[in-house]
Amino acid sequence: MKTQKSIPTTKVERSAKFVKTGIQIGGNYIKHYSKKLFNPDMDREQLNEDNATDIYKSLSELKGSALKIAQMLSMDKNILPKSYVDKFSQSQYNAPPLSGPLIVRTFTKNFGKTPEKIFDSFNLTSSNAASIGQVHQATLEGKKLAVKIQYPGVGDSISSDLKLVKPFAFRLLGMSERELNIYIKEVEERLLEETDYELEVKRSIEFSEACKNLKHVVFPKYYPEFSGKRIITMDWIEGLHLKEFLKTNPSQTLRNKIGQALWDFYNFQQHELRAVHADPHPGNFMITPEENLGVIDFGCIKEMPDDFYYPFFSLISTDVFNDKSKTIEAFRQLEMIHADDTAEQVEFYHKSYSEMIKLFAKPYTSKVFDFSKPDFFEQLYAYGEKISKMPEFKQARGVKHFIYLNRTNFGLYQILHELKATVHTDTYNPTLGR
């Protein structure tokens, strides 16, 4: 893959990149409608393909929060046209890496020494380049290490980047302005945490220790003495990413084993730790030669306060869900039903949200669930498509915690679907006793 020799770091440089991309998209629309004059039946497939290519190229060169949003959107397969999903999915595994000399300068600026003065060997060619940083292989005293180096300027450009991304997000997501602002604010808070590598090392050590007894889940060892605010050093975990793993045509038994490990990893965190690894894209996991699930990134952690956790997970309890008044009370606590809603609106949202939760909570309502079945996901996508066209859902509803928790659970479902795994879903249940 072609390396990137520079990265726009100033607000002016990054703004110019967005302006240029906007002009390219405008040109794509002109080209599309010019062709449509001669072919009225032409669909938007080529237009979507052209726009997705231009937007992804721009975001991948900007790195950071701009590319991270592309990564997040690629997981919401019911929001975007297929062209965008296919293109943005590249950011889950490999974005264009920065060149060796630029990485050495970045390393030296943040660590005070060049890599070869710290490690016995350091490969200048990155093994993986993603949205916030890229990973290089190193060795020290016979140990193989992964050294993650943050792209220059990423942590300083988050707020300004999100303002620049906002018009693109507004058009792609179709949210109201207030809802989009809530979304952007929550994303900004999580991204600021993700760029703090000292915080990530601390959390990685805490979470890997808390989860160490989970079956078939493994974590790298982290080295704070070789890490800093923009650099993380950890053990190298051998293995395959999900796409590579699936190409080996694994047995159903192995698919189920990895799927169970993933389910247990997420639900243990949600219900025992009340904080969860909230970035469930496939690039954050490896399947090791020992047939374990390797978790290699704890950059994005979402904590769940009690006033969200209890009403949210009470909704998959039959005691609550079969009692209309209790369900409505939970909806009010979660701001899905507002204090000034009319009786007709309360009835409408109770019916709509109950239908949504009944569908989304299906895996929790049986002891075993087969994620290979496409009908469950077709129903989810169809429902998402239906409510996206309803005026009643154009206004912002729900507390901000939904943004990452819904993404986490839906991302988990997606990976299990790709694995075609059947898992026992009763291993770690919600703890609703206060």
Side-chain angles (χ1 to χ4, degrees), residues 71-72 74-78 85 89 92-93 207-208 210-220 237-273 275-298 300-302 313 316 359-381 404-430:
Q71 186 185 87
M72 292 165 70
S74 71
M75 293 163 61
D76 280 339
K77 293 180 172 62
N78 61 326
V85 171
S89 292
Q92 295 180 0
Y93 296 95
F207 271 72
S208 53
C211 299
K212 67 181 181 182
N213 292 325
L214 292 174
K215 289 175 67 176
H216 309 303
V217 184
V218 295
F219 309 93
I237 287 189
E238 299 289 354
L240 301 173
H241 285 301
L242 183 65
K243 278 188 177 179
E244 301 165 325
F245 172 70
L246 293 176
K247 285 177 183 176
T248 68
N249 194 28
S251 67
Q252 188 61 50
T253 300
L254 181 52
R255 289 169 182 265
N256 293 348
K257 179 180 177 181
I258 298 300
Q260 189 67 56
L262 191 68
W263 178 269
D264 290 349
F265 172 65
Y266 270 98
N267 281 280
F268 174 81
Q269 291 173 86
Q270 288 191 118
H271 306 309
E272 301 298 325
L273 305 182
V276 66
H277 179 291
D279 197 6
H281 74 78
N284 283 338
F285 304 100
M286 307 287 284
I287 292 85
T288 72
E290 297 78 25
E291 299 183 351
N292 291 318
L293 177 75
V295 184
I296 57 174
D297 190 305
F298 276 101
C300 184
I301 298 294
K302 175 62 184 172
F313 283 104
I316 62 174
L359 176 59
F360 197 80
K362 270 188 178 180
Y364 282 95
T365 56
S366 59
K367 291 187 177 182
V368 178
F369 195 81
D370 182 354
F371 283 92
S372 71
K373 299 285 179 64
D375 57 332
F376 171 61
F377 291 88
E378 287 167 2
Q379 289 170 17
L380 280 176
Y381 296 147
Y404 273 85
L405 263 296
N406 283 351
R407 180 174 305 282
T408 296
N409 285 288
F410 192 66
L412 170 63
Y413 288 3
Q414 285 287 347
I415 298 177
L416 291 169
H417 182 50
E418 289 185 57
L419 277 167
K420 292 182 168 54
T422 297
V423 302
H424 292 269
T425 58
D426 60 347
T427 48
Y428 295 99
N429 292 315

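We use all heavy atoms of the structure for the numbers below, so side chains are in, but hydrogens, waters and symmetry mates are not.
- Listed by chain and number, the residues in a ring-ring contact (aromatic ring centres under 6.0 Å, His included) with Phe245 amount to none (sequence neighbours excluded).
- Inter-residue side-chain proximity for Thr422 and Val368 is flagged as met; some heavy-atom pair is nearer than 4.5 Å.
- Between Phe360 and Phe410, some side-chain heavy-atom pair lies under the 4.5 Å cut-off.
- Between the side chains of Asn256 and Gln260, no donor-acceptor pair of N or O atoms lies under 3.5 Å.
- Aromatic ring orientation, Phe371 versus Trp263: tilted (interplanar angle from 30° to 60°).
- The distance from the CD1 atom of Ile237 to the CD1 atom of Ile287 is 11.5 Å, given to the nearest 0.5 Å.
- Leu293 places a side-chain heavy atom less than 4.5 Å from the side chain of Phe285.
- Residues Pro220 and Val295 share a closest heavy-atom pair of CD-O, 3.2 Å.
- Evaluation of the side chain to side chain donor-acceptor pair (under 3.5 Å) rule for Lys367 yields no partner, not counting sequence neighbours.
- In this structure, OG1 in Thr408 is found 9.0 Å from CD in Gln269, a value given to the nearest 0.5 Å.
- In this structure, His277 contributes its side chain and Ile301 its backbone to no donor-acceptor pair below 3.5 Å.
- Scanning both residues, Gly259 and Val423, for their nearest heavy atoms gives C-CG1, 3.5 Å.
- Note: Glu378 CD to Lys373 NZ = 12.5 Å, rounded to the nearest 0.5 Å.
- The nearest pair of heavy atoms linking Cys300 to Tyr404 is SG-CE2, 3.6 Å.
- Between Phe207 and Phe219, the ring centre distance reaches or exceeds 6.0 Å.
- In this structure the side chain of Val217 never reaches within 4.5 angstrom of the side chain of Cys211, judged on heavy atoms.
- Between Tyr413 and Phe377, the angle of the ring planes goes over 60°, which puts this pair in the perpendicular group of the 30/60° scheme.
- Of the possible polar contacts, none joining the Ser366 side chain to the Phe369 backbone as a donor-acceptor pair under 3.5 Å is found.
- Heavy atoms only, all atoms of each residue included: Thr288 and Val218 are closest at CG2-CG2, 4.0 Å.
- What you find for His417 and Pro374 is that their closest heavy atoms are CE1-CA, 4.1 Å.
- Using a 4.5 Å heavy-atom threshold, the side chains of Leu416 and Tyr266 count as separate.
- With Thr425 contributing its side chain and Pro363 its backbone, the two residues share a donor-acceptor pair below 3.5 Å.
- The shortest non-hydrogen separation linking His241 to Pro282 is ND1-O, 3.9 Å.
- Looking only at distances, no side-chain donor or acceptor of Asp279 sits under 3.5 Å from a matching main-chain atom of Asn284.
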task = Output, in order, the C-alpha distance, side-chain angles, deciding distance and verdict of side-chain contact (heavy atoms from CB on, under 4.5 Å) for Leu242 and Ile258.
result = CA-CA 10 Å; Leu242 183 65; Ile258 298 300; over 6 Å; no

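- Judged by distance alone, the side chain of Glu244 and the main-chain N or O of Gly239 form no donor-acceptor pair under 3.5 Å.
- Looking at heavy atoms from C-beta onward, Leu240 lies out of side-chain contact with Lys247 at the 4.5 angstrom threshold.
- The structure places CD of Glu238 at 7.5 Å from CE of Met286, a figure rounded to the nearest 0.5 Å.
- Once rounded to the nearest 0.5 Å, the distance linking CG of Leu419 with CG of Leu254 reads 9.0 Å.
- Rounded to the nearest 0.5 angstrom, Ser372 OG and Gln252 CD are separated by 6.5 Å.
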key: Test side-chain contact (heavy atoms from CB on, under 4.5 Å) applied to Ile316 and Thr365, step by step   = CA-CA 7 Å; Ile316 62 174; Thr365 56; 5.6 Å; no

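- Proximity of Lys215 to Asp264: side-chain heavy atoms (C-beta onward) are nowhere separated by under 4.5 Å.
- A donor-acceptor contact shorter than 3.5 Å links the side chain of His281 to the backbone of Gly283.
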